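Note that the structure is a prediction, hence the values are computed from the model and not measured. Just so it is clear, the values below take in all heavy atoms, side chains as well, and ignore hydrogens, waters and symmetry mates. Labels below follow one simple rule: chain letters A, B, ... track the order of the sequence lines, proteins then strands, and each chain is numbered from 1.
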4 protein chains.
Amino acid sequence: MQGRVGAVPGVAAMRSGAFILVLAVALAEGAAPCQLNGLWRNDQDSLMEISVSRDNGDFQGQYLTRVTLSGGCAQISPLKGTQQQLGDGGWPTFAFTVRWDRFSNATTAFVGQCFVDADGKEMLTTTWLLREAAESLEQDWKTTRVGRNIFTRKHTTRGKTLQSLSPPCEDGSSPAL
Amino acid sequence: MQGRVGAVPGVAAMRSGAFILVLAVALAEGAAPCQLNGLWRNDQDSLMEISVSRDNGDFQGQYLTRVTLSGGCAQISPLKGTQQQLGDGGWPTFAFTVRWDRFSNATTAFVGQCFVDADGKEMLTTTWLLREAAESLEQDWKTTRVGRNIFTRKHTTRGKTLQSLSPPCEDGSSPAL
Amino acid sequence: MQGRVGAVPGVAAMRSGAFILVLAVALAEGAAPCQLNGLWRNDQDSLMEISVSRDNGDFQGQYLTRVTLSGGCAQISPLKGTQQQLGDGGWPTFAFTVRWDRFSNATTAFVGQCFVDADGKEMLTTTWLLREAAESLEQDWKTTRVGRNIFTRKHTTRGKTLQSLSPPCEDGSSPAL
Amino acid sequence: MQGRVGAVPGVAAMRSGAFILVLAVALAEGAAPCQLNGLWRNDQDSLMEISVSRDNGDFQGQYLTRVTLSGGCAQISPLKGTQQQLGDGGWPTFAFTVRWDRFSNATTAFVGQCFVDADGKEMLTTTWLLREAAESLEQDWKTTRVGRNIFTRKHTTRGKTLQSLSPPCEDGSSPAL
């Protein structure tokens with residue numbers, strides 16, 4: 001763990017006193033330097049907000065997709081997942097599911113890993129499966145889409161949350177990511 | 001919902017009075033005819049036990065894999081997920097994650113759907129992603145495996161649970177499904 | 001299991017000679033260790049006919065899907081791929097693409113492996129990606145489906161080919177597998 | 001090919017004068033709006049060179065991966081595939097397989113689509129499956145990895161080819177992408 005934390009260039013860490021503090025605390029506690037909690041944005045401009053709530057790695061949060069299978073408007077939807085507990089200080093892997101709230105008959109699951117690059121920039125590399133409902137077992141073969149998303153931390157002014165960043169949404173319609 | 005239940009061929013349903021009763025109760029209660037809760041076994045002989053616990057579709061349970069990336073022995077691991085709430089009586093889709101307890105640095109997520117065939121046999125068709133930890137971002141490309149599993153309900157004598165079906169396990173080692 | 005003799009004893013120097021011997025024995029018994037050429041049927045009742053034509057492992061053939069994204073009728077479509085050349089007698093892996101002939105704007109690729117079980121029954125376990133055309137880069141995220149198919153050898157009366165097994169098809173329409 | 005350019009809806013093209021200009025130039029030069037042939041580099045610095053050789057959309061080429069499952073050195077490997085023939089002027093989809101030459105027992109297949117953005121920059125968005133050989137059917141479940149790569153055209157000085165860009169490679173070892 002010391003080697004990993006020590007590998008973060010001092011110059012980059014200097015950008016934020018808070019970050020140094022986090023690293024120091026992480027070092028002291030032996031915790032991972034890559035934290036899932038907070039607000040994230042992916043390459044499709046979808047947003048998610050994670051709160052790591054339990055000691056066992058379980059977390060929950062909210063997801064706001066900007067893209068939907070139908071092209072319709074999405075609602076903020078609850079997510080929940082789990083982060084793998086690592087004893088060796090590596091980058092943590094995680095998985096979570098999103099329950100599309102009232103606007104889709106599909107479900108989505110993500111798996112991913114949190115990385116911090118040499119400049120201290122956090123990145124979540126994820127792969128997802130989007131499962132639509134089939135009307136019958138014969139249609140089952142074509143239900144599952146696969147894709148990839150990269151999330152980076154979205155920095156906001158104090159107090160900004162996913163809720164406050166969510167646009168008004170007139171119509172509530174189908175599948176999404 | 002009525003249309004769906006009505007669509008179950010009478011001849012097939014006749015095979016089991018209990019099944020008719022279940023459907024009748026489901027119809028009366030407005031519940032889906034395909035229930036996730038209970039004990040399931042997949043084509044690799046892995047077991048899972050699901051308890052549907054919340055009105056919003058969230059569920060939790062336990063997973064016992066028979067296969068591991070390392071070939072090592074697996075522990076019973078907690079799963080949690082969500083079932084999509086459907087208003088139109090179709091087969092429900094779901095997604096869940098498994099936190100491999102202490103024997104792996106990988107995480108797994110499943111998406112799937114529950115079907116009941118003409119004979120009343122329940123089947124969960126699932127697709128999964130198994131994410132291993134990469135040591136660095138450069139290794140990220142090769143971390144994610146994809147696969148498929150079919151689960152069928154495992155009927156047990158009264159009181160049998162996943163716990164009681166679990167074999168003693170001497171060594172606790174790496175990734176699994 | 002005799003076919004599995006292909007699991008050539010690991011003496012490297014003996015390899016080529018031993019492999020020839022295995023082939024000879026297999027030939028004498030009338031069964032090759034695992035040959036891709038011939039007629040195959042999958043669990044969705046789709047058919048494919050492979051002709052292994054080149055020493056380097058390249059092959060070509062024809063594919064007739066029974067399922068299409070649109071529900072429309074499929075045409076026999078050309079496939080071509082490559083089998084990995086293995087020096088150690090293991091089960092060969094392969095990959096191939098199908099060019100859906102005139103009835104789809106999608107493309108499909110399969111990867112898989114050929115196995116022979118203890119009873120000499122051949123099985124091709126495959127995973128596929130089905131890519132639909134997106135109208136724009138913004139729609140790219142949802143274009144790719146993933147699935148799995150198991151093929152077993154379809155035994156036919158002498159001279160039966162995919163062509164002769166193909167049903168008359170009135171309408172030529174969209175994506176397929 | 002003129003039909004392709006002409007098929008771009010006028011209203012959509014109106015969004016960007018630059019885009020119209022690019023299309024006009026492409027038309028004047030007789031170039032297609034999205035040609036697979038040429039040299040491409042992906043986000044992992046792997047290279048491929050495609051020669052579109054047949055009227056039916058079939059193509060072949062060479063692939064030089066920079067990443068391997070084993071970490072070993074890769075050889076230039078032959079690829080072949082097919083581009084879907086589109087009548088309606090959309091971006092073409094394609095699929096191809098790579099036969100890892102002598103350094104791997106794995107096979108790989110890509111599916112993807114070619115896009116040209118408003119600035120005329122070409123991009124191939126691809127998803128791939130990497131299949132490793134399993135020693136037995138029981139190990140089949142864990143053989144298939146999935147991932148994604150974006151390729152952009154690599155501009156080189158006249159006469160530069162994949163062959164000339166290939167570094168000397170001392171050791172020839174295992175799986176790759």
Side-chain angles (χ1 to χ4, degrees), chain A residues 4 56-58 60 77-88 90-102 104-118 123 125-141 143-146 148 150 175, chain B residues 7 56-58 60 77-88 90-102 104-118 123 125-141 143-146 148 150 175:
Chain A
R4 162 119 338 168
N56 62 6
D58 285 0
Q60 55 189 45
S77 298
L79 72 83
K80 58 178 190 168
T82 189
Q83 177 179 335
Q84 201 61 27
Q85 301 296 87
L86 291 168
D88 61 357
W91 310 122
T93 62
F94 58 86
F96 64 88
T97 59
V98 183
R99 177 162 54 80
W100 302 115
D101 216 4
R102 289 183 301 276
S104 171
N105 64 347
T107 50
T108 303
F110 290 77
V111 296
Q113 191 171 358
C114 183
F115 294 97
V116 183
D117 72 12
M123 183 183 293
T125 63
T126 69
T127 304
W128 49 259
L129 293 174
L130 169 56
R131 162 88 197 201
E132 285 186 279
E135 289 176 21
S136 69
L137 196 50
E138 287 68 38
Q139 306 292 316
D140 183 66
W141 67 276
T143 54
T144 308
R145 287 171 161 89
V146 64
R148 227 177 121 68
I150 305 288
Chain B
N56 62 6
D58 286 0
Q60 55 188 44
S77 298
L79 71 84
K80 58 178 188 167
T82 189
Q83 178 179 334
Q84 200 62 27
Q85 300 296 85
L86 290 168
D88 62 355
W91 309 123
T93 62
F94 57 85
F96 64 88
T97 58
V98 183
R99 177 161 55 80
W100 302 115
D101 216 4
R102 289 183 303 276
S104 171
N105 64 348
T107 50
T108 302
F110 290 78
V111 296
Q113 191 171 356
C114 182
F115 294 97
V116 183
D117 71 12
M123 183 183 294
T125 62
T126 69
T127 305
W128 48 259
L129 293 174
L130 168 56
R131 163 88 198 199
E132 285 185 280
E135 289 177 20
S136 69
L137 196 50
E138 287 68 38
Q139 305 291 316
D140 184 67
W141 68 275
T143 54
T144 308
R145 285 171 163 89
V146 65
R148 225 176 124 68
I150 306 287

Next item on the list: List the atom of Gln113(A), the atom of Arg131(B), and the distance in Å for their closest heavy-atom pair.
Entry: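 Shortest heavy-atom contact: OE1-NH2, 2.5 Å.
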
Next item on the list: Taking all heavy atoms of Trp91(B) and all of Ala134(A), pick out the closest pair and write down the distance.
Entry: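 Heavy atoms only, the tightest pair is CD1-O, 4.0 Å.
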
Notebook entry, point to check: How many angstroms lie between atom OG1 of Thr107(B) and atom CZ of Phe96(A), to the nearest 0.5 angstrom?
Noted result: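 If we round to the nearest 0.5 Å, Thr107(B):OG1 and Phe96(A):CZ are 10.5 Å apart.
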
Note to self: Between Thr97(B) and Thr97(A), is there a side-chain heavy-atom distance shorter than 4.5 Å?
What the structure shows: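 Thr97(A) vs Thr97(B): side chains touch.
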
Next item on the list: For residues Thr93(B) and Glu132(A), determine if any side-chain heavy atom of one lies less than 4.5 Å from a side-chain heavy atom of the other.
Entry: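 Counting from C-beta outward, Thr93(B) and Glu132(A) never come under 4.5 Å.
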
If we ignore hydrogens and angles and just use 3.5 Å, is the side chain of [X] paired with the main-chain N or O of [Y] as donor and acceptor?
X: Thr125(A); Y: Leu137(B); answer: no
X: Thr82(A); Y: Val98(B); answer: no
X: Gln84(A); Y: Trp100(B); answer: yes

Notebook entry, point to check: Which of these passes side chain to side chain contact (heavy atoms under 4.5 Å, CB included) with Thr127(A): Thr144(B), Thr143(B), Asp140(B)?
Noted result: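 Answer after filtering Thr144(B), Thr143(B), Asp140(B): Thr144(B).
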
Check: Who passes side chain to side chain donor-acceptor pair (under 3.5 Å) against Thr126(A), sequence neighbours left out?
Finding: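 With sequence neighbours excluded, Thr126(A) shows a side chain to side chain donor-acceptor pair (under 3.5 Å) to no residue whatsoever.
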
Notebook entry, point to check: Of all residues at least two apart in sequence or in a different chain, which pass the side chain to side chain donor-acceptor pair (under 3.5 Å) check with Glu138(A)?
Noted result: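 For Glu138(A) the side chain to side chain donor-acceptor pair (under 3.5 Å) partners, ignoring immediate neighbours, are Ser136(A).
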
Note to self: Report which part of Phe115(A) has an atom under 4.5 Å of a heavy atom belonging to chain B: side chain, backbone, both, or neither.
What the structure shows: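 Interface part for Phe115(A): side chain.
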
